[in-house]
Amino acid sequence: METKNIILELHKKRGLFQDELATKVMVTRQAVSRWENGETIPNMETLKLLSKEFNVSINKLLGEPR
């Protein structure tokens, strides 16, 4: 699965809106939208925050097996 789909799936499972997720990982809502559209991927520091927020590995966020 691609990073964009993984982030979208994880934040929807949590019942978070894009702006809520953005606040939790200290980015803009537009950044979250760009990740989910596959335009960009989060940088390493943001991947770390996402990993903690969703309690998954960075590898999982990047679509790689654990």
Side-chain angles (χ1 to χ4, degrees):
M1 189 180 288
E2 292 182 60
T3 300
K4 65 181 186 175
N5 298 325
I6 294 166
I7 293 172
L8 179 63
E9 180 181 301
L10 289 170
H11 101 255
K12 287 197 177 212
K13 278 185 181 178
R14 278 287 195 75
L16 296 171
F17 292 105
Q18 285 182 341
D19 59 335
E20 294 171 317
L21 177 59
T23 299
K24 288 179 178 284
V25 297
M26 298 179 281
V27 298
T28 64
R29 184 204 54 79
Q30 291 82 358
V32 174
S33 178
R34 286 192 299 269
W35 303 336
E36 293 176 353
N37 288 322
E39 295 171 19
T40 63
I41 62 168
N43 66 31
M44 186 53 70
E45 290 304 311
T46 305
L47 284 169
K48 289 177 186 176
L49 293 171
L50 288 167
S51 174
K52 287 180 184 176
E53 178 64 32
F54 294 130
N55 195 31
V56 298
S57 70
I58 291 174
N59 285 344
K60 168 74 174 166
L61 290 171
L62 294 174
E64 300 171 10
R66 195 169 220 163

- Item | Residue of the set K4, H11, K12 for which side-chain hydrogen bond (donor to acceptor under 3.5 Å, both in side chains) holds with E36 | H11

- Message: Are V32 and F17 linked, directly or through intermediate hydrophobic residues, by side-chain heavy-atom contacts shorter than 4.5 Å (ILVMFWY only)?
- Response: no

- Task: Return the set of residues passing side chain to side chain contact (heavy atoms under 4.5 Å, CB included) with T40 (not counting sequence neighbours), or none when no residue passes.
- Result: R34, W35

- Item | Connected via hydrophobic side-chain network under 4.5 Å: L16 and L8 | no

- Message: If you apply the rule side chain to side chain contact (heavy atoms under 4.5 Å, CB included), what do you find for F54 with L21, and how did you get there?
- Response: CA-CA 10 Å; F54 294 130; L21 177 59; 3.6 Å; yes

- Item | salt bridge (charged side-chain N to carboxylate O under 4.0 Å, His left out): pairs with one or both residues in residues 37-51, sequence neighbours excluded | E45-K48

- Task: Output all residues satisfying side chain to side chain contact (heavy atoms under 4.5 Å, CB included) with M1, sequence neighbours left out; order by chain, then residue number.
- Result: N5, I6, E9

- Message: Taking side chain to side chain donor-acceptor pair (under 3.5 Å) as the cut-off, I'd like each qualifying pair that reaches into residues 20-31, sequence neighbours left out, listed once.
- Response: Q18-R29

- Query: Taking atom OG of S33 and atom CG of D19, what is their separation to the nearest 0.5 Å?
  - Reply: 11.5 Å

- Item | Heavy-atom side-chain contact between K52 and N55 under 4.5 Å | no

- Applying side chain to side chain contact (heavy atoms under 4.5 Å, CB included), name anything that partners T3, two or more places apart in sequence or on another chain. I7, I41, P42, L62

- Task: Using side-chain hydrogen bond (donor to acceptor under 3.5 Å, both in side chains) as the criterion, list what pairs up with E53, not counting sequence neighbours.
- Result: R14

